[in-house]
Amino acid sequence: MTRSPLDLEISRAWLVDLAVGHEGPGEIVVRGGVLEAVNWLEGAEARGIKPDGVVVAPGFIDLHTHLREPGNEDAETVATGLAAAAHGGFTTVCAMPNSEPALDEPGVLARIRAAALAAGSPVELLAYGAVTVGRAGEQLAALGELADAGVVGFSEDGAPIRSAPILRSALAYAGALGLPIVDHAEDASLTAGAEANDGFVATVLGLRGWPAAAEELAVARDLAVLVDVLRDVPGARLHLTHLSTASALDLIRRAKAAGLPVTCDVTPHHLALTDEWVAGARRWAWEASGDPWADGALVTGPYATALRVNPPLRAPADAAACLAALVDGTADAVATDHAPHSEVDKAVEFGLAANGISGLETALGVLLAAVDAGRLPLLRAIEALTTGPAAVIGGRLRRASAGLVEGAPADLVVFDRSESWTVTPDCLSSRGKNTPLLGMELRGRVLLTVAGGRLAYEAAEG
Amino acid sequence: MSLVVDPAEAAAVAVSSVGAAPESEAVAWRHRHLLDVDRLSGAELELVMRTTDAMREVLARPIAKVPTLRGRQVTILFYEASTRTRVSFEVAAKNLSADVVNIAAASSSVSKGESLVDTVRTVEALGAQLLVMRHSVSGAPYLAAEVFGGSVLNGGDGWHAHPTQALLDLYTIRERLGGESQAARSRAGATTEGLLAGRKIVILGDLLHSRVARSNIWTLTASGADLWLCGPPTLLRGFEAWASRSSVAGRRFQVTTSVDEALRDADVVMALRIQRERMAEGLLPSLREYAARYGLTRERLALARPGALVMHPGPMNEGVEIAPDVAAGVQSVITDQVTNGVAVRMAVLYLLAGTQVPA
Ligand SMILES: [Zn+2]
């Protein structure tokens, strides 16, 4: 099925466009799929239009999506993953290459592109190539061929880049191709068997600790190797995904101040949820005390496997550091690390459960919770979902920019901040129902997602 | 199956409890499962203690058996081998006249890939109403409780909790040290709060891997003990963070690597088992060094108060964490722990059965 280009007029909404660095009252007109007009309103025309109602923003870009196809279609397919993206307001997703087989040569990329075409979704599917053959950590994958085929970077995600020598080669080779290396920062020697963030909650629950030092060590290694490579390959670029600790983010802050070509992202769950949730609390990070036993915050049982994720949900201070890094620009983007899993991989003991949270459809709602709490400016939240990630993947986007561009195919999301919705398994388009937010109410219902001039998602009436 | 907790029998059990509070004052047991002790109040702990008193009386009878759980099926599902604990639960259930089904799932089901959820559903379909479970993964009983229609009793999960061990330890300490405060306790109402006030209790050894220690932290601090945790620094990881939180919450305990500091003037010393794996994991140099530095010897015990109690949850490595003469010495209450274990498990099975809606 192919959806036809659409006509659309939205008047009296709050427009947010980071490509021009502006937000305010306005209206848009789409004709035949083309964004014909973006009119900013002023004076009497603008009266009564506030940022807490209907918002129109450029379509979101997710730097970190697991689509599970090929290999684990029980958890997700390209079709269901793109549907989930559209439901979440995303018009571009960057798929991680840890499928089975891994995306380590152009044939696998062709397969998922064919699946996207068959699905008929207008959501743009981009992908990373694996760094090494079979993600085995030993031999470089076909980086040049993958670049020619259109990958947006290289990653071993699901796992860190195993050795410093491979990282050095990859940074140099990809740098010459003009593409970033995206690393999952984890020193695996410190996290063998780890189950939950090393600290108070893990100690009480008897879970094997997952230390912050494992992330900090990996980031330090990556930065040192980057400096080493830059001497010969000035184009080398490093992106660190889903950073979760204050110490690792501090290293990035300093590296950026020193002018290194490094970027990073944080996830909605690491900035808004904490390890308190593993104990049975259900309050936002900015409301957390760190000791849910002491202040009666335990509202449900411990060990919910929907909370098992890599890196783990951290202590409130780390979550606050993720949010602070997003606000001050240390973090360039918010990425969902959408990691859908089937019921069989989650309905097991906590320590045996698969890592990952299904996140595409709740990312906006979680960020808006931070906005509503006064912790995150709306403009910055949208920037982290649009121009922020666009800068990381450079010129590989289908659209000319991550803004509201007149005369180009419309690529935008419309959501209503005054409307709430309850997260239920049925309302999620993803096959992965593994979100700890099930049953919770989120603000900011997506009304409409338009990708490449075509309708990607439209909320049911009412 | 009709009502299995016979009200007359239950009353008989309660009445036989020495100094039991009048019915109106007694707190009701409201937990369908016993998965942890972290959310038990002092009043609930005291209810377990008094119910255990009653069970001790049952055990003292010529025929130590009551019909309380007649017609009920207690399934004992152990994913870890532990003869002592399994037998203790089995004896407890049989003393209450329950039908006991034993399943050693350790190697069979897990390796065949049958999920815990499937196993629990199967066990329930086979008639289990009370499920006693031991598992090597922390939190596993919570998953079982989500799918099981009856009551789950955690018989030890990973490093996390061993509720009946902590309760039998509390009972054993209360029996030996709670004597003079018995009267004060009944004046104060039916709670263990303050029961062990001013009593210094030391847990010595491998705290990191110990579910016994974790559960004892909750019950002993809830009872007002001056609790000290002591062991090599590698095996105390994380407990300083817990201690600093708990002092805010009024459930204070101390953490130290100094055995002398911990044992000085202690009223109770509880030694924990050291596993050989700790050497391979790089956490300890050798058992010899552990015994020399942290083993509970007669010399070290002399630092404690005269007559201080010596405890161990078993099984012991004599000559490593505890010297043979200390384990078998006059201060040792290790065999009391074993006897009290049966009574406490009877009490908990009885209380859990009382929360079940009669079919
Ligand atoms: Zn990752």
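Values reported hereafter were calculated over all heavy atoms of this structure, with side chains retained and with hydrogens, waters and symmetry mates removed. So you know, we letter chains A, B, ... as the sequences are listed, proteins then strands, and number each from 1.
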Note to self: Please rank A:Ala304, A:Pro302, A:Gly301, A:Gly199 by heavy-atom pairs under 4.5 Å with chain B and give me the top one.
What the structure shows: A:Pro302
Check: Which atom names give the shortest non-hydrogen contact between B:Arg32 and B:Gly149, and what distance separates them?
Finding: NH2-O, 3.5 Å
Notebook entry, point to check: Is the B:Phe253 ring parallel, tilted or perpendicular to the B:Trp242 ring (thresholds 30°, 60°)?
Noted result: perpendicular
Checklist line | B:Arg211 versus chain A, the contacting section by heavy-atom distance below 4.5 Å | finding: neither
Margin query: Within this structure, what is the CG-CG distance for the pair A:Leu217 and A:Asp187, rounded to the nearest 0.5 Å?
Written below: 5.0 Å
Margin query: If you count heavy-atom pairs within less than 4.5 Å of chain A, which of B:Val117, B:Leu208, B:Leu143 leads?
Written below: B:Leu143
Check: Is chain B contacted by the side chain of A:Ala279, its backbone, both, or neither, given a heavy-atom distance below 4.5 Å?
Finding: backbone
Note to self: For chain B, which candidate among A:Val201, A:Val204, A:Leu207, A:Val348 shows the most heavy-atom pairs at distances under 4.5 Å?
What the structure shows: A:Val204
Margin query: Whether B:Arg245 engages the ring of A:Phe200 as a cation-pi pair (distance to the six-membered ring centre under 6.0 angstrom, angle to the ring normal within 45°) should be assessed.
Written below: yes
Next item on the list: Please determine, among A:Ala202, A:Ala347, A:Gly351, A:Gly209, the option with the most heavy-atom pairs under 4.5 Å with chain B.
Entry: A:Ala347
Note to self: If I take atom CZ from residue B:Arg214 and atom CZ from residue B:Phe239, how far apart are they, to the nearest 0.5 angstrom?
What the structure shows: 4.0 Å
Note to self: Report which part of A:Thr305 has an atom under 4.5 Å of a heavy atom belonging to chain B: side chain, backbone, both, or neither.
What the structure shows: neither
Check: Given a strict heavy-atom distance threshold of 4.5 Å, which part of A:Asp198 is in contact with chain B: side chain, backbone, both, or neither?
Finding: side chain
Next item on the list: Starting from the C-alpha separation in whole Å, work towards a yes-or-no answer on side chain to side chain contact (heavy atoms under 4.5 Å, CB included) for B:Thr257 and B:Cys230.
Entry: CA-CA 5 Å; B:Thr257 56; B:Cys230 178; 6.0 Å; no
Checklist line | Side-chain (A:Asn434) to main-chain (A:His341) donor-acceptor, under 3.5 angstrom | finding: yes
Next item on the list: Just give me the residue among A:Leu298, A:Asp295, A:Leu352 that pairs up with chain B most often, heavy atom to heavy atom, under 4.5 Å.
Entry: A:Leu298
